[in-house]
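A short worksheet on the structure shown next.
Both backbone and side-chain heavy atoms feed into the values below; hydrogens, waters and symmetry mates do not. By convention in this document, chain letters (A, B, ...) are assigned in the order of the sequence lines, proteins followed by strands, and residues within each chain are numbered from 1.
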Amino acid sequence: MIKPNIPKGMRDFSPVEMGKRNYIFNIIRNSFQKFGFLPLETPAMESLSTLTGKYGDEGDRLIFKVLNSGDFLEKTTLRTDPTKEITVQNVLTQISEKALRYDLTVPFARYVVMHRHEINFPFKRYQIQPVWRADRPQKGRYREFYQCDADIIGSNSLWNEFELIQLLDDVFTRLGLKVVIKINNRKILSGIAEYIGASGSVTDITVAIDKLDKIGKEKVIEELQQKGIMPEAIDKIKPLLDFKPITAIGNETSTYLNELIGNTKIGQKGIDELKVLFEQTTKIPLQTARFEFDLTLARGLNYYTGAIFEVKLNEEKIKFSGSLSGGGRYDDLTGIFGLPNLSGVGISFGADRIYDVLEELQLFPDDRLNHIKVMIANFGSDTTGFCLKLLYTLRQHGIAAIFYPDEVKIKKQFEYAHALKIPFVVIIGEEELKLEKISVKTMSNGHQETVSVNHLLQLLKGTLI
RNA sequence: GUAGGUAUAGCUCAGUUGGUUAGAGCAUCAGAUUGUGAUUCUGAGGGUCGUGGGUUCGAGCCCCAUUACUUACCCCA
């Protein structure tokens, strides 16, 4: 006998959990559609070459590679070709040519390039699918998890950024979660890098700055030194490390930012973009989300070039450090696939993390989680005919109904209905057959009455109180 | 990749300086109640104490190894 198990970081979802997960997905999907995004799905596997090099060295390591089919060892040249050194990289390229998707953005870029002639730009698409990462699982981190992405590609307009901010606000408002939407602009960070004479190290600088709230100012400076940033350059960055998130950009902030970026064109553009978004959010305020500019927000993914977003939980009751959502503008994601100058901006919701947070805050609504409305109890073959007819009628009226299939003790049948949280149980025994009526019990309060079929339909449709 | 923690019934966990037959709650099943769940009462089943070795008269407990799980770091949703 094999002891049943599932691989590390993988999870089953029980019916109860699926009810909760669907609640989240439905809200997100509904918002996506409301904002005019169109659905798209891509396969679980992509060519390995599509994925590698897009997520940095760290990301490449976390891609799940799929072994080639057949006798892949026979086909390798490693044993016959003595000039080829046996390294992980060399072996890998010969035995694996496809991999599980690591996120939804890169497959989307690949799709856009492949279908560029049939797509109407600007293209707004949403995609809700699992992604896989060979990460060490821990709290809030899984090896298989769902991303819910919305991207607009083929438009440079800042209105897209603003729409995504509204979309974030819409989703988290409807989920009942208090969040803060943090925003920054990679152009400002690039401007700073250029000004301090370290343009080549933008990624190193952003990655280091991104760790600020975790490891503190001193350690960030240490890391910058290790990355080979000149001491005088680090001195110029130091004021940035004392930056505290703000909710509006006044004159004081502008002056401060201008000093940090010097006179760099790109830095100035970043500041301008930021100002437009803040102006918009004062004209059309967000429903519940707090909107913050955080100069120290960097985000690791290195394809971002403009605005970057991150959503964090803003609840006093619980601590949850991971981000619930994130995204940004990427100017040239499709360039690597041979389609340059196509700008896009997108966001991604982490459904699994949202689940964990809603669970901890007990914010899942009780209703809607079980969709079965009524169970017809089984009283034996004499009544089965009538029961099945009623079952058919109920379903014709769009009511989710089940018939207890086995002729067992009534007690057991009620226990079953109770365990499944089915709100109504219908009883049809000899007495009911004689009267041509049915008895219906409301499980929440124990009330039971004998009624006509029409009355039952009205009750189950909620038109009776 | 680095560093900790945990492993005892289906689940959550007790288990005294190492001492005789390893416990509780929940869950399951049966009954009190032959047409009624959630409450109450009674009873029952369920364990090679993760695995392998060592110390000891004696190990769930101490030591070593190993595996699995888990948390933090790195990175990220």
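Rounded to whole Å, the P atom of B:C73 lies 34 Å from the corresponding atom of B:G10. With P as the reference atom, B:G23 and B:U33 are 33 Å apart, rounded to whole Å. Between B:C41 and B:U71, the distance separating the two C1' atoms is 44 Å to the nearest Å. To the nearest whole angstrom, the two P atoms, one in B:G54 and one in B:G58, are 12 Å apart. Straight-line distance between the P atoms of B:C63 and B:G18: roughly 11 Å, to the nearest whole Å. Between the C1' atoms of B:C75 and B:G60, the separation comes to 39 Å (whole Å). Comparing the C1' positions of B:G46 and B:G25 gives an interatomic distance of 15 Å, to the nearest angstrom. Between B:A9 and B:U55, the distance separating the two P atoms is 28 Å to the nearest Å.
Comparing A:Leu62 and A:Ala419 along RNA chain B, the residue whose closest nucleotide (by nearest heavy atom) sits nearer the 5' end is A:Ala419. Checking A:Asn445 against A:Arg143, the closest nucleotide of RNA chain B that is more toward the 5' end is the one next to A:Asn445.
Here the P atom of nucleotide B:U40 and the NZ atom of A:Lys411 are 13 Å apart, to the nearest Å. Whole-Å rounding puts the A:Leu420 CG to B:G37 P distance at 17 Å. Across the protein-nucleic acid pair, A:Lys412 atom NZ and B:A30 atom P stand 6 Å apart, rounded to whole Å. Atom CD1 of A:Ile308 is separated from atom C1' of B:A77 by 16 Å (rounded to the nearest Å). If you measure from atom CD of A:Gln448 to atom P of B:G35, you get 14 Å, rounded to the nearest angstrom. Look at CD on A:Glu144: it is 17 Å from C1' on B:C76, rounded to the nearest Å. In this entry the distance linking CD1 of A:Ile427 with P of B:G37 reads 11 Å, nearest Å. Going from atom CD of A:Glu431 over to atom P of B:G35 covers 10 Å, rounded to whole Å.
Look at A:Phe145 and the base of B:A77; the rings stack, centres closer than 5.5 Å and planes less than 30° apart.
Using modelled atom types, one finds a donor on one side chain and an acceptor on the other under 3.5 Å when comparing A:Arg125 with A:Gln127. Side chains of A:Asn454 and A:Ser452: no donor on one and acceptor on the other come within 3.5 Å. Between the side chains of A:Arg174 and A:Ser31, at least one donor N or O lies within less than 3.5 Å of an accepting N or O. For the residue pair A:Glu292 and A:Thr247, no side-chain donor N or O sits within less than 3.5 Å of a side-chain acceptor on the partner.
When Watson-Crick and G-U wobble pairs are counted only if both distances are under 3.5 Å, B:U21 pairs with no nucleotide at all. The pairing partner recorded for B:C41 is B:G31, the criterion being a Watson-Crick or G-U wobble arrangement whose two distances lie under 3.5 angstrom. Under the Watson-Crick or G-U wobble criterion, with both distances below 3.5 Å, B:C26 is paired with B:G10. Across all strands shown, the partner of B:G5 is B:C69, judged by Watson-Crick or G-U wobble contacts whose two distances both fall under 3.5 Å. Base pairing annotation: B:G60 forms no Watson-Crick or G-U wobble pair, as no partner gives both donor-acceptor distances under 3.5 Å.
Residue-level contact check: A:Gln147 touches the backbone only, with heavy atoms under 4.0 Å from sugar-phosphate atoms and none from bases. When heavy atoms are screened at a 4.0 angstrom cut-off, A:Glu432 is found touching base atoms of the nucleic acid. As judged by a 4.0 angstrom heavy-atom cut-off over every strand, A:Asp135 is placed among the base-contacting residues. Using a 4.0 Å heavy-atom cutoff across all strands shown, A:Gly446 reaches at least one base atom of the nucleic acid. Counting non-hydrogen atoms under 4.0 angstrom, A:Tyr142 reaches a base of the nucleic acid.
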For this session: Evaluate side-chain contact (heavy atoms from CB on, under 4.5 Å) for A:Phe414 paired with A:Val425, printing each intermediate quantity in order.
Result: CA-CA 8 Å; A:Phe414 269 89; A:Val425 174; 3.8 Å; yes
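Salt-bridge check for A:Glu163 with A:Lys124: passed, with a basic side-chain N closer than 4.0 Å to an acidic carboxylate O.
When all heavy atoms of A:Gly53 and A:Asp60 are compared, the closest pair comes out as N-OD1, 3.0 Å. Listed here is the closest heavy atom pair of A:Gly270 and A:Lys187: CA-CB, 3.7 Å.
Scanning atom types as modelled, no donor and acceptor separated by under 3.5 angstrom connect the side chain of A:Arg136 and the base of B:U71. Side-chain atoms of A:Lys441 come within donor-acceptor range of the base of B:U36, with a qualifying N/O pair under 3.5 Å. Side-chain atoms of A:Arg133 come within donor-acceptor range of the base of B:A77, with a qualifying N/O pair under 3.5 Å.
For A:Lys8, the listed nucleotide lying nearest its side chain is B:C69; candidates were B:C76, B:C69, B:G37. Checked against B:G35, B:G37, B:U71, the side chain of A:Phe379 finds its nearest nucleotide in B:G35.
Contact annotation: A:Lys409 does not reach the phosphate of B:U34 (side-chain N/O to OP1 or OP2, under 4.0 Å).
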